[in-house]
Amino acid sequence: MTTTEQPFLKNALAGVLALEPYSPGMPIDELQRRLGLSDVIKLASNENPLGPSAKVKAALAEHAASGNVSLYPDGGGFRLKKKISEFHDIDSSRITLGNGSNDLLEFIARVFLGPGRKALFSEYCFAVYPLATLAQNAEAIVAKALPADHPTMPFGHDLEALAAALTPDVSVVMIANPNNPTGTWVEPGPLEAFIAQVPASTLVVLDEAYIEYFDPSLKPDSRAWLDRYPNLVITRTFSKTYGLAGLRAGYALSHPSVADLLNRVRQPFNLNMLALQAAEVALGDQEHVAKAVELNRTEMARIKAEFAALGLSVLPSQANFLTFNLGRDAAPIHKGLLERGVIVRPMASYGMPTWLRVSIGTAAENTRFLTALKAALAA
C-alpha cells in the first residue's frame with residue numbers, strides 16, 4: 001500500500017517501512033489446518049522437547065488455582081530477581097527482566113540506537129538484531145561471517161571482520177554465543193580479547209540464549225567478564241533449556257547504569273504472574289536442566305551420524321539444533337517434510353537456500369524426523 005492511498009503512512013519511520021516481519025517457526029495447528037494432518041511434530045523453534053520440569057508444572061497449577069491471576073504481577077519482579085541475583089552472585093541492581101530475551105534486545109535498541117547511530121553484528125545473525133536496529137531508524141552494519149569452507153567454524157562469527165567494522169558511531173555490537181541460526185560459537189579467549197578492544201563507549205551485547213547447552217570445556221565465564229567490562233550486557237532466556245518458551249521470560253545482566261536505563265523503557269508488568277513464578281522455580285531446578293542438556297547431547301550425536309550416512313554436511317553446533325546442507329534447493333525437501341507432518345526451519349531467509357535447521361527433539365521425534373527426511377530425499 002502506498003502513502004498516496006493512505007497518507008498517514010508517510011509518518012511511519014523509514015526503518016520500520018523497510019522491515020519484513022519476523023517469521024517464526026510454523027505452529028503445529030497451522031500445518032494441521034493447511035494439510036489436514038492430525039499427527040504433527042514441530043522441530044523448528046529450538047524448544048526444549050522435555051518441556052518445563054515437574055516442579056514448574058506443579059507450581060503453575062497451584063498458582064493458577066489460587067485465583068491471584070486477577071491481580072497485577074509484581075512489576076519489579078522482586079522474587080525472581082532475588083533468585084537470579086543468588087544464582088549469578090550479582091547485585092539485583094544489575095538485573096533487568098524481559099518478556100523473553102527478545103524484549104531485552106528491544107530495550108537496548110530503544111536506549112542506545114537511533115538516527116545517526118549504528119549497530120554491528122555478524123552475517124547469519126539472529127533475525128531480531130536487524131529488526132530492532134532498523135525499527136529505531138539506526139543503521140545495521142553486517143560483518144561478513146567466516147566462509148562456508150572454513151576448516152573449523154563455517155558461517156561462524158569472524159571476530160577480525162567485526163573488529164574492522166568498529167567505528168565511533170557504532171553504539172552497539174551484538175554477538176550470539178552460541179549463534180542462532182547456525183549453532184556456531186566463539187571460544188572464550190578470542191571472545192574476551194574482542195570485547196576488550198571494543199571502545200568503552202560502545203555497548204557489547206552477548207546473547208546467551210543457548211548457553212546451558214555449551215560443552216563445559218568451551219563455555220565462557222561471561223559472568224566474570226561483567227566485572228571487567230562495564231560496557232558488557234549479557235542476555236539470557238528461560239525459553240530454551242528451561243522449557244518455558246510459551247510463558248516468555250528472560251533477563252539481562254549488566255552494569256547498574258545500563259540496567260537503570262533499560263528499566264526506564266521496560267513496560268510495566270512486562271512479565272506476567274505465571275511467567276515470574278515459573279522462572280523462579282525453573283532456575284532452582286538445575287537437575288531438569290542437566291537432563292535436558294544430556295538428552296540434547298546424545299540425540300544430537302545420533303542425528304549427526306545419520307546425516308553423515310546420508311552424505312549431508314552439518315554445521316558445528318553448541319546449541320540445541322543442527323543446521324544442515326542438502327546441496328540443492330531445500331524448499332522441496334522442506335515441503336516433503338511438512339507433508340509428512342514434520343516441521344523444520346527453512347534457511348532461505350538467512351541467505352542459505354540449500355540449508356535447513358532442525359531442533360533436537362525427543363528420541364521418538366528425532367526418529368520420525370530422520371524417517372521423513374529419508375523419504376523426502378528419495379521422493
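Note that the coordinates shown come from a computational prediction; the quantities given were computed from them, not determined experimentally. Residues: numbered from 1 along the sequence shown.
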Q: Out of curiosity, does Val172 fall in the hydrophobic cluster containing Leu162 (side-chain heavy atoms, cut-off under 4.5 Å, transitive links)?
A: no
Q: Just by distance, with hydrogens left out, do Arg248 and Asn102 show a side-chain donor and acceptor under 3.5 Å apart?
A: no
Q: Using modelled atom types and a 3.5 Å cut-off, is there a donor and acceptor pairing between side-chain atoms of Asn320 and backbone atoms of Asn296?
A: no
Q: Could you check if a side-chain atom of Leu337 sits within less than 4.5 angstrom of a side-chain atom of Leu356, using non-hydrogen atoms only?
A: yes
Q: Classify the side-chain pair Arg266/Thr96 by whether it contains a donor and acceptor separated by less than 3.5 Å.
A: no
Q: With salt bridge (Lys or Arg N to Asp or Glu O under 4.0 Å) as the rule and sequence neighbours excluded, what pairs involving residues 200-210 come up?
A: Glu208-Arg236
Q: Under the side chain to side chain contact (heavy atoms under 4.5 Å, CB included) test, which residues partner Lys144, sequence neighbours left out?
A: Glu123
Q: What verdict does the side chain to side chain contact (heavy atoms under 4.5 Å, CB included) test give for Asn48 and Leu295, after you've listed the backbone C-alpha separation in whole Å, the side-chain angles of each residue and the deciding distance to 0.1 Å?
A: CA-CA 10 Å; Asn48 182 346; Leu295 172 67; 5.5 Å; no
Q: Is a donor on one side and an acceptor on the other found under 3.5 Å between the side chain of Arg117 and the backbone of Phe112?
A: yes
Q: Could you tell me whether the side chain of Asp285 reaches within less than 4.5 Å of the side chain of Val56, counting heavy atoms only?
A: no
Q: State whether the side chain of Ser122 and the backbone N or O of Cys125 hold a donor-acceptor pair below 3.5 Å, judged by distance alone.
A: no
Q: Taking C-beta and beyond as the side chain, do Lys240 and Asn46 meet within less than 4.5 Å on heavy atoms?
A: yes
Q: Is it true that a side-chain atom of Thr202 and a backbone atom of Val170 form a donor plus acceptor pair closer than 3.5 Å?
A: yes
Q: Distance-only, no hydrogens or angles: does the Asn366 side chain make a donor-acceptor pair with backbone N or O of Ile360 under 3.5 Å?
A: no
Q: Give a yes or no on whether Arg79 atom CZ has more than 12 heavy-atom contacts from other residues, nucleotides or ligands under 6.0 Å away.
A: no
Q: In sequence, state the C-alpha distance, the side-chain angles, and the governing distance for His150 and Phe155, and then conclude on side chain to side chain contact (heavy atoms under 4.5 Å, CB included).
A: CA-CA 8 Å; His150 191 274; Phe155 297 98; over 6 Å; no
Q: Measure the shortest side-chain to side-chain distance between Leu310 and Leu377 over non-hydrogen atoms and say whether it is less than 4.5 angstrom.
A: yes
Q: For the residue pair Ser257 and Asp260, confirm or rule out a side-chain donor-acceptor distance under 3.5 Å.
A: no
Q: Could you tell me whether Arg340 and Asp39 have a side-chain N and a carboxylate O separated by less than 4.0 Å?
A: no
Q: Is Glu106 salt-bridged to Arg110, cutoff N-O under 4.0 Å?
A: no
Q: Could you check whether any side-chain N or O of Arg34 sits under 3.5 Å from a backbone N or O of Leu338, counting only pairs where one atom can act as donor and the other as acceptor?
A: no
Q: Kindly give the heavy-atom pair with the smallest separation between Ser171 and Leu113, and that separation in Å.
A: CB-CD2, 4.0 Å
Q: With Tyr72, which residues qualify under side chain to side chain contact (heavy atoms under 4.5 Å, CB included), at least two apart?
A: Phe269
Q: Are any of the side-chain heavy atoms of Val204 and Val233 separated by less than 4.5 Å?
A: no
Q: Please round to the nearest 0.5 Å and tell me the distance separating atom CG of Leu262 and atom CD1 of Ile95.
A: 12.5 Å
Q: What are the two closest heavy atoms between Pro154 and Ala148, and how far apart are they?
A: CB-O, 3.2 Å
Q: Distance check, rounded to the nearest 0.5 Å: Leu97 atom CG versus Asn263 atom CG?
A: 7.5 Å
Q: What do the steps show when you test Arg357 against Val344 for side chain to side chain contact (heavy atoms under 4.5 Å, CB included), and what is the final call?
A: CA-CA 6 Å; Arg357 190 192 72 193; Val344 300; over 6 Å; no
Q: Taking only Lys NZ, Arg NE, NH1 and NH2, and the carboxylate oxygens of Asp or Glu, determine whether Glu299 and Arg302 approach each other closer than 4.0 Å.
A: yes
Q: Is there a side-chain contact between Leu43 and Ile343 in this structure, where contact means two heavy atoms from C-beta onward sitting under 4.5 Å apart?
A: no
Q: Which value, rounded to the nearest 0.5 Å, describes the distance between Phe78 atom CZ and Lys83 atom NZ?
A: 11.5 Å
Q: Are the side chains of Phe126 and Met174 in contact, using a 4.5 Å heavy-atom criterion?
A: no
Q: When you measure from the side chain of Arg94 to the backbone of Pro256, do you find a donor-acceptor pair of N or O atoms at a distance under 3.5 Å?
A: no
Q: Name all residues meeting the ring-ring contact (aromatic ring centres under 6.0 Å, His included) criterion together with Tyr210; count only those two or more places apart in sequence or in a different chain, and write none if there are none.
A: Phe321
Q: For the backbone of Lys81 and the side chain of Ser85, can you confirm whether one donor and one acceptor N or O come within less than 3.5 Å of each other?
A: no
Q: Got a donor-acceptor contact below 3.5 angstrom from the Thr241 side chain to the Val289 backbone?
A: no
Q: Please report the interatomic distance OG1(Thr167) to CD1(Ile141), rounded to the nearest 0.5 Å.
A: 6.5 Å
Q: Output all residues satisfying side chain to side chain contact (heavy atoms under 4.5 Å, CB included) with Ser313, sequence neighbours left out; order by chain, then residue number.
A: Asn325, Trp355
Q: Given side chains that start at C-beta, do those of Leu312 and Leu326 come closer than 4.5 Å, heavy atoms only?
A: yes
Q: Between Glu294 and Arg297, does at least one N-O distance fall below 4.0 Å, as a salt bridge requires?
A: yes
Q: Who pairs with Phe107 by ring-ring contact (aromatic ring centres under 6.0 Å, His included), at least two apart in sequence or on another chain?
A: none
Q: Distance-only, no hydrogens or angles: does the His157 side chain make a donor-acceptor pair with backbone N or O of Leu191 under 3.5 Å?
A: no
Q: Out of curiosity, Leu166 CG to Lys118 NZ, how far, rounded to the nearest 0.5 Å?
A: 11.0 Å
Q: Taking only residues two or more places apart in sequence, or in another chain, which ones meet Asp29 in a side chain to side chain contact (heavy atoms under 4.5 Å, CB included)?
A: Pro27, Gln32, Arg33
Q: Any chance you could measure Gln277, atom CD, to Leu271, atom CG, to the nearest 0.5 Å?
A: 12.5 Å
Q: Name all residues meeting the salt bridge (charged side-chain N to carboxylate O under 4.0 Å, His left out) criterion together with Lys374; count only those two or more places apart in sequence or in a different chain, and write none if there are none.
A: Glu306
Q: Applying ring-ring contact (aromatic ring centres under 6.0 Å, His included), can you list everything that pairs with Tyr251, at least two apart in sequence or on another chain?
A: His88, Phe238
Q: Pairs in or reaching into residues 47-70: which pass ring pair (Phe, Tyr, Trp, His ring centres under 6.0 Å), with residues at least two apart or in two chains?
A: none
Q: Decide, yes or no, whether a salt bridge links Lys42 with Glu365 under the criterion of side-chain N to carboxylate O below 4.0 Å.
A: no
Q: Counting only heavy atoms not in Lys219, do more than 12 sit closer than 6.0 Å to its NZ atom?
A: yes
Q: Tyr350 vs Tyr124, test: ring-ring contact (aromatic ring centres under 6.0 Å, His included). Steps then yes/no.
A: CA-CA 6 Å; Tyr350 287 95; Tyr124 313 116; 8.1 Å; no
Q: Report the residues that fulfil ring-ring contact (aromatic ring centres under 6.0 Å, His included) with Phe194, sequence neighbours left out, ordered by chain and then residue number.
A: none
Q: Sequence neighbours left out, what pairs pass ring pair (Phe, Tyr, Trp, His ring centres under 6.0 Å) with at least one residue falling in residues 329-348?
A: none
Q: Please determine if Lys82 and Glu86 form a salt bridge, counting it only when a charged side-chain N lies under 4.0 Å from a carboxylate O.
A: yes
